[in-house]
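Structure first, commentary second.
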Amino acid sequence: MTMKYNFNEIEAKWQKYWAENQTFKAENQSEKPKYYVLDMFPYPSGAGLHVGHPLGYIASDIYARYKRHQGFNVLHPQGYDSFGLPAEQYAIQTGQHPAITTKDNISTYRRQLDQIGFSFDWSREVRTSDPSYYKWTQWIFIQLFNSWYNNDTDKAEDISTLEKLFSTEGNSNVNAVCDDNIESFSAEDWNDFSSEKQQKILLQYRLTYLAETEVNWCPALGTVLANDEIVNGVSERGGHPVIRKKMTQWSMRISAYAERLLQGLNKIDWTDSLKESQRNWIGKSVGASVSFNVNNHDAVIDVFTTRPDTIFGVSFMTLAPEHELVSKITTPEQKEEVDTYIKATAKRSERDRMADVKTISGAFTGAYAEHPFSKEPIPIWIGDYVLAGYGTGAVMSVPCGDERDYAFANHFNIPIPNIFEGVDISEEAFSDKEKTIIANSDFLNGLNYKKATKRAIYELEQIGQGEGKTNYRLRDAVFSRQRYWGEPFPVYYMNGLPQMIEAEHLPIKLPEVEKYLPTETGEPPLGNATVWAWDTAKNEVVSNDLIDNETIHPLELNTMPGWAGSSYYFMRYMDPDNQNEIASKEAMDYWQDVDLYIGGSEHATGHLLYSRFWQKFLFDKGVVPYDEYAKKLINQGMILGTSAFAYRLDLGSFGFDGKGEDIKDQMYKFNVFVSSELLNRLKDSVEEKVEFTNKVRTKLASINLDKGRLVNVNIDLKRVHAIHADVSFVNSSNELDVKAFRNWREEYKAAIFIGEKGEIIEEGNDVYKVGRDVEKMSKSKYNVVNPDDIVADYGADSLRLYEMFLGPLEQYKPWNTAGITGVHSFLKKLWKLYADDNGLKVTDAAPTKDNLKTLHKTIKKVQEDIENFSFNTSVSTFMIATNELTAQKCTSKDILEPLLILISPYAPHIAEELWSQLGNTTSISTAAFPEFDASHLVESSKNYPISFNGKMRFTMELPLDMSKDAIEEAVLANEKTQEQLAGRTPKKVIVVPGKIVNIVG
RNA sequence: GCUCAAGUGGCGGAAUUGGUAGACGCGCUGGAUUCAAAAUCCAGUUCUUUCGGGAGUGUGGGUUCGAUUCCCACCUUGAGUACCA
């Protein structure tokens, strides 16, 4: 039998074997230690995978396979985040049910994933759009509804504990996270309230609640748009106007968890940049709230400040134009100015206000507030640099210490008192905290930032006009979407009040609709459903016609957002078929949490923050065992495309005689492309350009022109169009397949190509080289590379190795298909180490010292690399090992068998095949990882680098056990040393035994 | 503006604690093999040079016997974020 490396056959064989033998099925009961490796699951888009997508999956797969070799029971699941907008858009356009689109897309994804050879346990697959899955999404929603956040115990509790408090002592002592402006009531009041009133009050405390929220409503499209679907105030699609509209929607009280979400970051090993993003998003600021009395009014202005130490520097106050007090305190003289200003700001969109930082605007209300300590009057202004939605919508302005206040004061000639010792504020504000020493501030004089802040808060508390306070930027999350393809809420409405459906009746399945668009009355798409009412007697979904508001009630029309299903899927993988619980206690106790989570950084503040919130909530409720679900998280970088460009000379370069259509026709034929490197040379040299132009003129004139006649050629190199060429037309030497390019587009059919030598290309007389540039991989740039093609041409093992070989996992790096020949020929070389035309070469020969040295340094390096997620360097290590063993003509099984285990996480198919060729009857996947033995790496001598003033000039082989002095002596005696010194005496000789010799002088 | 990350050959990148800069691969050049091509194999490939050398890891400085690595300032690129009081 001749043995060739027939990768297509081998890979299909082992993929079949793994599937049939359920090789990667993880058991929930095992003596082995557990290890949970998770990928962020994909949204199955219609376009399928490109080579950038599997990068993270390959990395996690290597790690999962490595952990199996280490003796772990590895959970490595995969599934689909399968609710989402693209399938719904497609449904709107074509009428095809999103479930069908999704199913089709998933089967494409599955085929593509399978052929890359991932060790996923597919028996645990989940799909968020599957009712048996979203049953639990709905269940969690109900739990949130039935919970409130108790600040005293600092956790979520069942709503019944709150009801009990209300009925025994009212709400004045309840320390809960809740809506603003809650009226206080006694136990008696509570017990006298109607059920409706009680429900309304409880809704103000629940962790998910209904609230009026502003949305971007597009009347023309009849739908709500996300911020990034709006460009310049109009819809991205169609350019229709968008208005702010208030809508009753579900919100999640994530703000209750702000502090715990922040603190939790300290105990998880996630990337610093990701933690930083989350910290930013949570936006904690510590300071004080201060109350200013308004003169001649009973009104009080509350502000939040991070710098209570600068309170004596306040020279004015600024309210947001929308602040409710503005109309009350504005004096008659100032009314007109204030009203004009409010009108003007209302016209400006929030985006405009944010973009325009330089224009300073505002208006004086005519009112004054009283300084809490000095009792001086402080003018009250309004200005749009203060945002109504943050803090209290009002600030105490300290121009000497805040840039925006400084600019505002300067612009309106408001005094800028200096309260900093030894600081010049004539040019700009002084916002440094560290160097701050307070002056001109009564009791704060001479204190630094920290002490002054503490003292100021203390004094404010003494006079009852302020207290220490912490603010968070994190807002509650809107949870309703006016879409069809999402999880339905387990909610019906009685008298307009939301009621939860009992958990035992879940899942509430998404109803069928005729159209996937909003209804004519502007209701969400579920408003089109005819069977969408809840029968409280039969406990089932029934026809809308039966709604009587007695036993049969309308169901919620919104659906849940994309992040709902992805916020707990990692728990569901532990026990995906469980009908009674998210996962059994045994499964959760065994798998506990994710040990390694790999995914893209674009989820930093979306999925990764919301899922932490749900985890903490479920932890409070005793559902899950940990309050953080992923110990370690790595963001894989993106693979970028290497676009190819053909350079077309401007059509204006050519003059023709002839008229109208004839010329247009000719022009198309005169798509003249100039080869990339030639073009660059022409740009550099005027003479060459003149010569080239003449040459082109002669050549073009000699081509038979059927209709027009070329009369003028005047090439302007500044007017060259770079046209994206499909990367599949380009070979590894950047040469364009001219024929393929011509057939690509009608207008290039007769295009003329001028090659590197300046020749017009006909049958191989010259080559056309494209220019290259790195861009995001995208269809529109014709630089998308499909893994299917790579697998067909080079095999999955080559693809896996190459993706890792490209560079560090976390980095952004360009894909260039040309480079894959390197790893592919490595695999062929590896194969040849084991087999040739005469069959298997491996023998029982005893390994040589060199063989052992190569093997063991490879074991050491690969193990270190995998544990450091440095997969690119271990591919190099494999290449070096193979090169060395080939040179050593190694055939020893004692070397070659363990080598396969090292390579198997990276290139599992070839490893399995050779492993079985060596006579093994079970999969390599659980073979024990070879043990590193340092004794094989011990050396007796060292090739010392000899440096002069730090520069290596030559090397010298010396025994490793040689003493420092003997080394110095030997080096100085060397004639090359004398040559380097050229008669000078060395000032100093540094000898680091085993490392280096450096001669100074 | 702020925060974070990163700047090394023609290209992707390596150098693990301060100790031989450019491993490994692509590409390129030359050669072998072949009728030819593919494939394969061998040699070379940072720049510069008067062929002795010399310079060199974004720029400028510093610490050190010795710096891609540590410190300071600056420049460039990428990512995130923003009148957040």
Side-chain angles (χ1 to χ4, degrees), chain A residues 271-281 283-285 287 303-307 310 318 320 353-360 383-387 389-398 401-405 407-408 431 471-473 601-602 604-605 635 637-638 642 732-734 772 774 801-802 805-808 810-826 828-829 832 861 864-865 868 870 872-880 883 943-955 979 986-992 994-1001:
Chain A
T271 58
D272 287 337
S273 68
L274 198 151
K275 289 195 202 178
E276 196 57 35
S277 292
Q278 294 210 347
R279 284 192 190 106
N280 258 321
W281 199 262
K284 179 179 185 176
S285 39
V303 302
F304 174 75
T305 175
T306 54
R307 296 295 302 273
T310 63
T318 317
R353 272 169 71 170
M354 282 197 284
D356 185 11
V357 185
K358 292 203 178 92
T359 319
I360 296 157
D384 67 4
Y385 78 98
V386 177
L387 302 179
Y390 184 76
T392 60
V395 299
M396 59 175 225
S397 301
V398 183
D402 182 281
E403 275 171 49
R404 285 154 306 155
D405 294 346
F408 195 88
S431 51
N471 239 17
Y472 300 91
R473 190 168 61 194
S601 54
E602 66 272 22
T605 47
N635 288 130
M638 202 185 281
T642 311
S732 62
S733 307
N734 290 338
R772 291 288 204 175
V774 172
L801 282 171
Y802 189 51
F805 188 63
L806 281 177
E810 305 89 338
Q811 247 166 58
Y812 280 54
K813 57 230 163 207
W815 176 271
N816 184 359
T817 303
I820 200 170
T821 54
V823 293
H824 187 63
S825 53
F826 153 70
K828 287 197 270 193
K829 221 185 253 178
K832 279 192 202 158
K861 175 85 175 127
E864 282 169 1
D865 282 347
N868 293 317
S870 172
N872 54 327
T873 47
S874 32
V875 180
S876 303
T877 305
F878 293 138
M879 290 175 173
I880 294 167
N883 289 345
N943 198 18
Y944 277 94
I946 313 300
S947 321
F948 292 81
N949 299 317
K951 288 251 166 223
M952 202 279 288
R953 292 306 175 207
F954 61 92
T955 59
E979 217 171 90
K987 283 190 194 127
K988 204 171 172 186
V989 179
I990 311 282
V991 178
V992 184
K995 289 241 163 162
I996 199 170
V997 178
N998 190 20
I999 297 163
V1000 187

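Lettering follows sequence order; numbering is per chain, from 1. Computed from a predicted model, the values in this text were never measured in an experiment.
For A/Phe408 against A/Tyr385, the heavy-atom pair with the smallest separation is CD1-CE2, 3.4 Å.
Base-pair partner of B/C41: B/G31 (Watson-Crick or G-U wobble, both distances under 3.5 Å). Pairing for B/U69 is absent, judged as Watson-Crick or G-U wobble with the two contacts each under 3.5 Å. When both pairing distances are held under 3.5 Å, B/A5 makes a Watson-Crick or G-U pair with B/U77. In this structure, B/U17 forms no base pair with any nucleotide, since neither Watson-Crick nor G-U wobble geometry is met with both distances under 3.5 Å. Partner assigned to B/C11 is B/G25, using Watson-Crick or G-U wobble distances below 3.5 angstrom. B/C84 is unpaired under the criterion used here, namely a Watson-Crick or G-U wobble arrangement in which both key atom distances are under 3.5 Å.
None of A/Leu806, A/Asn872, A/Val774 except one satisfies the side-chain contact (heavy atoms from CB on, under 4.5 Å) rule with A/Lys813; the exception is A/Leu806.
Side-chain contact of A/Lys829 with A/Asn883: a donor-acceptor pair under 3.5 Å is present, judged by distance alone. Side chains of A/Thr873 and A/Ser876: no donor on one and acceptor on the other come within 3.5 Å. Checked by atom type, the side-chain pair A/Asn816/A/Thr642 shows no donor-acceptor distance below 3.5 Å.
The residue A/Arg953 sits close only to the backbone: its heavy atoms come under 4.0 Å of sugar-phosphate atoms, none of a base.
Here the C1' atom of nucleotide B/U81 and the CZ atom of A/Arg279 are 15 Å apart, to the nearest Å. Taking atom CG of A/Asn949 as the reference point, atom C1' of B/A55 lies 15 Å away to the nearest angstrom. The CG-C1' distance, from A/Asn868 to B/U17, rounds to 14 Å in whole Å. In this entry the distance linking CD of A/Glu276 with P of B/A5 reads 9 Å, nearest Å. B/C11 atom P lies 14 Å from atom CZ of A/Arg772, rounded to whole Å. As a whole-Å value, the separation of A/Lys284 NZ from B/U3 P is 20 Å. Look at CH2 on A/Trp815: it is 16 Å from P on B/G12, rounded to the nearest Å. In this structure, A/Gln278 places its CD atom 14 Å from C1' of B/U81, rounding to the nearest Å.
The aromatic rings of A/Phe948 and A/Phe954 are tilted relative to each other, their planes meeting at an angle between 30° and 60°.
Taking the C1' atoms as reference points, B/G56 lies 10 Å from B/U48, given to the whole Å. Comparing the C1' positions of B/C24 and B/U63 gives a spacing of 34 Å, expressed to the nearest Å. Taking atom P on both nucleotides, B/A21 is separated from B/G53 by 16 Å, rounded to a whole Å. Using C1' as the reference atom, B/U3 and B/A82 are 11 Å apart when rounded to the nearest Å. For the P atom pair drawn from B/G19 and B/G1, the interatomic distance equals 36 Å after rounding to whole Å. For the P atoms, the distance from B/U77 to B/C83 is 24 Å, rounded to whole Å. B/G66 and B/G13 have their C1' atoms separated by 26 Å, given to the nearest Å. Between B/C11 and B/G27, the two C1' atoms lie 7 Å apart (nearest whole Å).
Residue A/Gln811 places at least one side-chain N or O closer than 4.0 Å to OP1 or OP2 of B/G13. Listed pair A/Arg404 / B/C84 meets the phosphate criterion, a side-chain N or O lying under 4.0 Å from OP1 or OP2.
Base orientation at B/G53 is anti, since its O4'-C1' glycosidic dihedral falls outside 90° of 0. Base orientation for B/G78: anti, the chi torsion being more than 90° from 0.
Atom CZ of A/Arg279 and atom NZ of A/Lys284 lie 11.5 Å apart (nearest 0.5 Å). With rounding to the nearest 0.5 angstrom, the OG atom of A/Ser397 is 9.5 Å from the CZ atom of A/Arg404.
Salt bridge annotation for A/Lys861-A/Glu864: absent, with no cationic side-chain nitrogen under 4.0 angstrom from a carboxylate oxygen.
Heavy-atom distances to RNA chain B give each of A/Gly283 and A/Lys828 a nearest nucleotide, and the one nearer the 5′ end belongs to A/Lys828.
Side-chain atoms of A/Ser273 lie closest to B/C4 of the nucleotides B/C4, B/G12, B/C83.
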Sugar-phosphate or base contact per nucleotide [nucleotides 19-33 of chain B; S, B, -; heavy atom under 4.0 Å] = BBS-BBSSSS-----

